[in-house]
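All values reported here derive from a predicted model rather than from experimental measurement. In what follows, residues are counted from 1 in the order of the sequence shown.
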Amino acid sequence: MSTPHDFDFLHGDWTVRNRRRTDFLDPESGWEEFDATSRCWSLFDGAANLDEIDMPHLGSKGLTLRLFDRETEKWSLNWSASGGGRLFPPVTGDFAGQQSGLQSEFRGEFHGDDVYDGKDVRVRFVWSGISDRTAHWEQAFSADGGATWVTNWTMAFSRVTAATPQQPLLPRTTASGTPAG
């Protein structure tokens with residue numbers, strides 16, 4: 001059963017190793033790999049959060065708004081890319097398992113419907129490998145209603161520590177709002 005604190009593990013700063021297929025629906029297409037940085041904030045006492053991921057390799061940023069529905073005890077994950085300025089259809093789901101210690105069996109699975117390259121697709125997000133220092137996310141598409149899936153994007157999250165500094169995601173500004181040198 002999910003709770004409003006399921007995504008607490010994600011709060012903070014991360015480096016992210018991305019691996020994605022060059023064609024999201026072709027299981028034989030090649031992979032491209034690139035690094036990114038991510039920052040996640042808690043809202044609504046844990047029942048919501050917002051993250052921004054900066055992907056210089058793609059020349060874009062992404063934003064995820066996650067909302068916990070207390071009635072259904074399900075999460076909705078809502079994605080937007082900086083190039084489009086719109087929210088994609090949400091994926092909804094929940095977590096199962098226990099989250100404790102350095103590594104957990106805690107796993108979240110989320111499903112939704114979207115259109116990719118003019119084709120209707122089912123979308124699946126999975127969060128797994130969750131610990132204090134790491135997390136794994138993957139995305140898969142199905143063009144046959146969920147009978148088969150093509151995993152087309154994975155992200156390996158590593159928590160930023162004092163020993164692994166991160167570039168700021170937002171420009172630093174002075175109290176007056178002008179860029180800081």
Would you mind reporting whether Glu138 and Phe125 have side-chain heavy atoms less than 4.5 Å apart? no
Sidechain N-carboxylate O distance under 4.0 Å for Arg19, Glu33: yes
Distance-minimising heavy-atom pair for Gly12 and Arg159: CA-NH1, 4.0 Å
Could I get the full list of side-chain contact (heavy atoms from CB on, under 4.5 Å) partners for Asp35, not counting sequence neighbours? Arg17
Could you give the distance from CG (Leu77) to CG (Leu87), rounded to the nearest 0.5 Å? 11.5 Å
Step by step, would you call Asp26 with Val150 a side-chain contact (heavy atoms from CB on, under 4.5 Å)? CA-CA 7 Å; Asp26 180 0; Val150 176; over 6 Å; no
CG on Leu10 to OG on Ser38, rounded to 0.5 Å: 6.0 Å
For Gly85, is there any backbone N or O sitting under 3.5 Å from a side-chain donor or acceptor partner on Ser80? no
Indicate, with yes or no, if Leu63 and Phe44 share a hydrophobic cluster defined by side-chain heavy-atom contacts under 4.5 Å among Ile, Leu, Val, Met, Phe, Trp and Tyr. yes
Value rounded to 0.5 Å, distance of CZ in Phe157 from NE2 in His136: 10.0 Å
Any side-chain donor paired with an acceptor under 3.5 Å for Trp75 and Asp6? yes
Pair Arg66 + Asp51, salt bridge at N-O below 4.0 Å: yes
Residues passing the ring pair (Phe, Tyr, Trp, His ring centres under 6.0 Å) test with Phe95, sequence neighbours excluded, are Phe7, Phe106, Phe110
Close side-chain approach of Val91 to Trp79, heavy-atom, < 4.5 Å: no
Can you find a pair of side-chain heavy atoms, one from Asn18 and one from Val16, that are under 4.5 Å apart? yes
In Å, rounded to the nearest 0.5 Å, how long is the span from OG of Ser82 to NZ of Lys61? 8.0 Å
Asp113 and Pro89 have their tightest heavy-atom pair at O-CB, 3.3 Å
Count I, L, V, M, F, W, Y as connected when their side-chain heavy atoms are under 4.5 Å apart, and connections chain through other members. Are Trp31 and Phe141 then in the same cluster? no
Compare every heavy atom of Phe9 with every heavy atom of Trp14, then report the nearest pair and how far apart it is. CZ2-O, 3.2 Å
Hey, is the main chain of Ser29 close enough, under 3.5 Å, to the side chain of Arg21 for a donor-acceptor pair? yes
Search all heavy atoms of Glu52 against all heavy atoms of Trp41 and return the closest pair with its distance. N-CZ3, 4.1 Å
Is any side-chain N of the basic residue among Asp69 and Lys74 closer than 4.0 Å to the acidic one's carboxylate O? no
Residues Glu73 and Asp94: closest non-hydrogen pair is O-CB, 4.1 Å
Thr15 OG1 to Asp13 CG distance, which is reported to the nearest 0.5 Å: 10.0 Å
Looking at side-chain heavy atoms only, is the closest gap between Thr64 and Asn78 below 4.5 Å? no
Taking the side chain as everything from C-beta on, heavy atoms only, tell me whether Asn49 gets closer than 4.5 Å to His11. yes
Can you confirm whether His57 sits close enough to Glu32 that some side-chain heavy atom of one is under 4.5 Å from a side-chain heavy atom of the other? yes
Kindly assign one of parallel, tilted or perpendicular to the pair Trp137 and Trp153, based on the angle between their ring planes and the thresholds 30° and 60°. perpendicular
Measure the spacing between CG of Asp23 and CG of Leu25 and express it to the nearest 0.5 Å. 6.0 Å
With side chains defined as the heavy atoms from C-beta onward, is the minimum distance between Asp114 and Phe88 less than 4.5 Å? yes
Carboxylate-amine/guanidinium contact Arg107 Glu109, below 4.0 Å: yes
Does Asp45 have more than 12 heavy atoms from other residues, nucleotides or ligands lying within 6.0 Å of its CG? no
Just wondering, do Ile53 and Met155 contact through their side chains at under 4.5 Å, heavy atoms? yes
Honestly curious: do Phe68 and Val126 fall in one hydrophobic cluster under the side-chain, below-4.5 Å linking rule? no
Please report the shortest heavy-atom distance between Arg70 and Pro4, naming the atom on each side. NH1-CG, 3.3 Å
